[in-house]
Amino acid sequence: MELELTGTSIDHFALIQDSGYSREETLEMIVPDACPDIAQVTDTWGFCCLTRREVTDSGALLTGRVRVTILYIPEGGRGLQRLEAELSFQHLSECAQVDGNTRLLARAWVSSAETRILNPRKVLIRTDICEKVQLYRLQTLRVYGALNADDTLGIQTLLQQEQTDLVTQTAEKVFVLEEELSPSGNRAVFGAPLRIRPEACCGEARLIGSKLVLKGTVRLQSLWQEEGGALVSDSFDIPFSQMLDAAGVGEGAQYRVWLQFQSWQFGQLSGDGRSLPITLELCAQAVFCERIPMSLITDAYSVYYPTKLHTERWNICQQNQEEARQPVREFVACEQGIQTVLDCHGELGLAQMTREGSQCTVTVPVSATVLCLDEDGSLFSVLRSFAAAFQMPCPPEQGLRCGCTLLQMEALPAAAGLELRGTIALHLQTRQETEVSGLAGLDVDREHPQEHAGQPSVVLRRPAPSESLWDIAKRCSTTCQEICAANGLEEGQLLGDQMLLIPRKR
């Protein structure tokens, strides 16, 4: 062994695509013969299930379906009626960098839905579907932190300690929740279900050993119609606790969790109307990021021979993630007087970011639908679309990613209208990269040793401004240890403007 570099290989997942998509899906639907003619549509709600996610040779292929529930007042006004429709969709998010070691994280949701009456027996359904796609490809980072060489070469190395944040693992788990819903409050039996809207929330995530423990709740917001036509809203909570495999992930890792529905269905009311079975299938997806320490040789030389360095460049990344909660308020004017708010649901579109100097503005579309009873007890709906904007500091040298989740939305009667109140969670990830250069190879010219004949064995030299001990030793073909010994210095000590004795290696 004359000269040998040794190093460390770090396997990690590099983010090769982070994309958001929004597109429209439409469907013309004939009202079934068993349903009365439509006089007025009061509400349209769409719910998205991702049935399949896969990495292909061309990118990420998402397949899913949107279940649409339409509530309408029939001609003649005989209570509220429900229509259901289903739209299928498929979308390829192209990426030329995918290979067999690519991991996919994806979620999809309906940001808005509406129904237009073409005639009393035919409607046009329009939905806006949002998708978020992240692709991670397995890569290996190799850095060299040691150089083994024969003593006769007089090799000196400069070692630097660094830290970088890398995605070291991804995980996912599909799980099923089954529940029998029972009437709450003073109701003995259920009425006819008009709509059941599931919302999944992960309340707690904790890394314990090799498992990521998730605890959360699926809340079912429901609307029922009693025998006399009265409308009743209710909510049910289904708690869940799941464990995702996080083998090989350190305890100090940061993680981010996405929940995505894959399917849901509710069965038939039991004979006495006291029980309603419901089945939900969800997929939990997680990304783990760890701060990895590493040693790398940033410079090397020989005190006896000319050398030529071969270097590589890496981006050292420091990233941090946090969640900020922002309140949202919006006033909606209404001509009708509002007696009761029966139901309120909101959806978010894709967040957009703009930067100006050290400030970043996050803007997210919000769509809200409110079902109300006026002072005469007649049902009507209020639709409102608006944009919520939030500002936050972000230095120009930092990258920023942001995702948004609507935690709650409620509507309160106000003078001449409604006040919408909600809370949006901003999932922020800041990222700052610094380029470093490290040794990847070293050529030593042993045929042309350095000539020191006729030169003094010791020279007197004053350090130049910002010149380090390493710089002086390299220029004078000596070592830092010998300069320190000759001048009574300690390695790492700051140099002043004093004269230094520089002994030469011979």
Side-chain angles (χ1 to χ4, degrees), residues 10 12-20 103-107 109 130-137 139 141 162-173 200-208 211-216 242 244-246 248-260 283-293 315-327 348 350-355 358-364 388-407 423-434:
I10 305 169
H12 68 286
F13 290 91
L15 181 64
I16 59 175
Q17 181 172 305
D18 183 12
S19 302
R103 305 280 181 88
L104 167 63
L105 275 79
R107 58 191 183 97
W109 68 97
C130 294
E131 299 170 2
K132 189 69 176 175
V133 174
Q134 289 188 342
L135 288 166
Y136 294 85
R137 187 176 63 188
Q139 295 184 357
L141 172 64
E162 293 286 356
Q163 294 185 112
T164 185
D165 293 332
L166 299 173
V167 173
T168 56
Q169 188 62 276
T170 68
E172 68 174 57
K173 182 179 181 181
C201 175
C202 181
E204 180 183 355
R206 183 177 299 178
L207 195 57
I208 302 176
K211 301 293 182 181
L212 179 64
V213 180
L214 306 180
K215 293 184 178 181
Q242 296 292 323
L244 274 67
D245 185 18
V249 176
E251 290 185 359
Q254 293 184 324
Y255 39 84
R256 186 181 72 255
V257 178
W258 287 356
L259 292 174
Q260 173 66 52
C283 179
Q285 307 164 78
V287 176
F288 301 90
C289 181
E290 296 183 78
R291 182 154 293 178
I292 306 296
N315 285 326
I316 300 300
C317 172
Q318 302 293 322
Q319 69 180 35
N320 186 50
Q321 61 186 39
E322 60 179 307
E323 180 180 295
R325 298 194 174 190
Q326 297 286 348
L348 301 183
L350 287 173
Q352 302 292 330
M353 290 188 297
T354 57
R355 302 184 66 151
S358 60
Q359 289 290 321
C360 180
T361 301
V362 178
T363 305
V364 57
F390 313 101
Q391 281 194 334
M392 61 201 68
C394 184
E397 66 272 12
Q398 285 188 349
L400 178 66
R401 294 192 183 100
C402 179
C404 297
T405 304
L406 183 62
L407 299 181
T423 302
I424 294 178
L426 303 178
H427 312 285
L428 306 172
Q429 183 185 78
T430 57
R431 180 182 181 91
Q432 185 168 341
E433 293 186 350
T434 305

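When reading the values below, keep in mind they use all heavy atoms of this one structure, side chains included, and skip hydrogens, waters and symmetry mates.
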side-chain contact (heavy atoms from CB on, under 4.5 Å) with A246: which residues, sequence neighbours excluded? L207, V249, F288
Partners of E162 by salt bridge (Lys or Arg N to Asp or Glu O under 4.0 Å), sequence neighbours excluded? none
Partner residues of E204 under the side chain to side chain donor-acceptor pair (under 3.5 Å) criterion, sequence neighbours left out: R206
Sequence neighbours excluded, the answer for side chain to side chain donor-acceptor pair (under 3.5 Å) partners of T168 is E290
Are there over 12 heavy-atom neighbours, none belonging to E397, within less than 6.0 Å of that residue's CD? yes
Please enumerate all residues that pass salt bridge (Lys or Arg N to Asp or Glu O under 4.0 Å) together with R401, with sequence neighbours excluded. D18
Please walk me through it: do Y136 and V167 pass side chain to side chain contact (heavy atoms under 4.5 Å, CB included)? CA-CA 9 Å; Y136 294 85; V167 173; 3.9 Å; yes
Taking side-chain contact (heavy atoms from CB on, under 4.5 Å) as the test, write out the residues that go with Q352, two or more places apart. L350
Taking only residues two or more places apart in sequence or in another chain, which ones pass side chain to side chain donor-acceptor pair (under 3.5 Å) with Q318? R291
With sequence neighbours left out, the residues meeting side-chain contact (heavy atoms from CB on, under 4.5 Å) with A351 are V362, V364, C404
Set out, in order, the CA-CA distance, both residues' side-chain angles and the distance that settles side chain to side chain donor-acceptor pair (under 3.5 Å) for R325 and T423, then state yes or no. CA-CA 7 Å; R325 298 194 174 190; T423 302; over 6 Å; no
Who passes side chain to side chain donor-acceptor pair (under 3.5 Å) against T434, sequence neighbours left out? none
Pairing residues for Q285 by the side-chain contact (heavy atoms from CB on, under 4.5 Å) criterion, not counting sequence neighbours: R53, L105, E172, W258, Q260, C283
Give the intermediate values and the outcome of side chain to side chain donor-acceptor pair (under 3.5 Å) for residues Q321 and R431. CA-CA 9 Å; Q321 61 186 39; R431 180 182 181 91; over 6 Å; no
